[in-house]
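Here's the structure, in structure tokens; my notes come after.
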Amino acid sequence: MKLIVTRPQHDVTTRYISAWAEEVIAFAKVKSIEVIDLIKDKAKRKELEGRIKKLLPRLIFLNGHGDHDSVAGQDNDVLIKAGDNHDLLAGKITYALSCNSGETLGPKVVENKNTSYIGYKDDFIFVADGRYVAKPLDDPRAKPFMESSNQVMMSILKGHSTQEASDRSRDVFREHYIKLTSSTTDIDSLQAAQFLWWNMRNQVCLGDKDSKI
Amino acid sequence: MEDKATKDILSDEEVRRLVLARLSVLSSDTMISLGSEGSFTRDELVKRVENGDAIGEKLAEIQMEWLRSFKSEVEMSA
């Protein structure tokens with residue numbers, strides 16, 4: 001079993017999601033899954049296309065900026081684009097921690113049989129603390145967002161179906177949302193809760209919902 | 001922001017004031033990552049909303065959708 005992860009790191013957003021993807025990579029290794037970690041300059045289209053064709057991974061975890069019909073890598077190099085190379089994800093389970101790609105790219109990908117795509121149909125938004133930019137994994141404000149997102153991959157790696165993984169992720173979003181809305185000490189909590197709700201609402205599980213590794 | 005359901009709840013100006021009120025109480029070191037638009041500090045976001053640019057519009061949309069979700073819940077439980 002192989003997992004390809006793309007982890008660009010060219011701005012604050014990509015540095016955060018890249019750092020938090022380490023948790024998923026570590027867990028995949030515990031599960032004896034071979035991880036191909038396309039980090040920084042390796043998170044480029046040519047590299048990703050080559051690895052997918054050669055290694056035939058079952059799982060793809062894309063981290064990076066995106067829009068309705070594409071997901072990007074390092075320096076916003078477009079990795080996967082609807083109508084161009086989206087068939088590379090055929091027969092695979094893909095989770096895209098990226099904005100908007102659940103709108104057009106995801107539906108296009110899952111036109112292929114036995115294919116699953118979990119992503120977001122609008123912007124993925126998170127709150128961070130400016131004092132932790134150099135150490136994103138220690139950032140308590142980012143933690144609820146990243147834990148909720150990571151739950152998708154953690155659940156899939158535990159053997160749950162894609163629909164179950166998405167449901168469990170949305171449950172974690174909801175748990176953090178409830179905690180934050182009931183906080184009486186954190187002045188940022190209500191705004192953070194609103195963005196958690198937004199992400200939970202926009203996460204979509206498309207295609208084969210019973211897919212498992 | 002122009003649909004009837006939205007107008008039934010709050011005007012655009014009221015939503016903008018609500019978003020500004022919420023942002024203005026955030027900690028000064030809070031950053032918000034808004035997807036491909038980038039990461040912004042509290043003060044940068046306040047300016048964006050005041051200027052009514054795309055970022056400000058997005059925050060207003062989220063605020064409005066959030067309020068609308070409560071309205072739906074109330075209607076469903078009535």
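Protein chains get the first letters and strands the later ones, always in sequence-line order, with residue 1 at the start of each.
Looking at B:Gln63, the atoms closer than 4.5 Å to chain A (heavy atoms on both sides) sit in the backbone and in the side chain alike. Using a 4.5 Å cut-off between heavy atoms, A:Asp122 contacts chain B through its side chain alone, with no backbone atom that close. A:Phe195 touches chain B through its side chain: at least one heavy atom from C-beta onward sits under 4.5 Å away, while N, CA, C and O do not. At a 4.5 Å heavy-atom cutoff, A:Asp11 makes no contact with chain B through either its backbone or its side chain.
Ring orientation note: the planes of A:Phe126 and A:Phe145 are tilted relative to one another, at an angle of 30° to 60°.
Heavy-atom neighbours of A:Lys143 NZ from other residues, nucleotides or ligands within 6.0 Å: at or below the threshold of 12.
Of the listed residues (A:Ile125, A:Val133, A:Asn100, A:Asp123), the greatest number of heavy-atom pairs within a distance under 4.5 Å of chain B belongs to A:Ile125. The choice from A:Gln194, A:Arg201, A:Gln191, A:His65 that makes the most heavy-atom pairs within less than 4.5 Å of chain B is A:Gln194. Among B:Val25, B:Thr30, B:Thr41, B:Leu23, the residue making the largest number of heavy-atom pairs under 4.5 Å with chain A is B:Thr30.
For A:Tyr117 and A:Ser101, the side-chain atoms include at least one donor-acceptor pair closer than 3.5 Å. For the residue pair A:Asn199 and A:Gln203, no side-chain donor N or O sits within less than 3.5 Å of a side-chain acceptor on the partner.
With hydrogens and angles ignored, the 3.5 Å screen pairs a side-chain donor or acceptor of A:Thr162 with a backbone N or O of A:Asp208.
Residues A:Met200 and A:Tyr177 are not in side-chain contact: their nearest non-hydrogen atoms beyond the backbone lie 4.5 Å or more apart.
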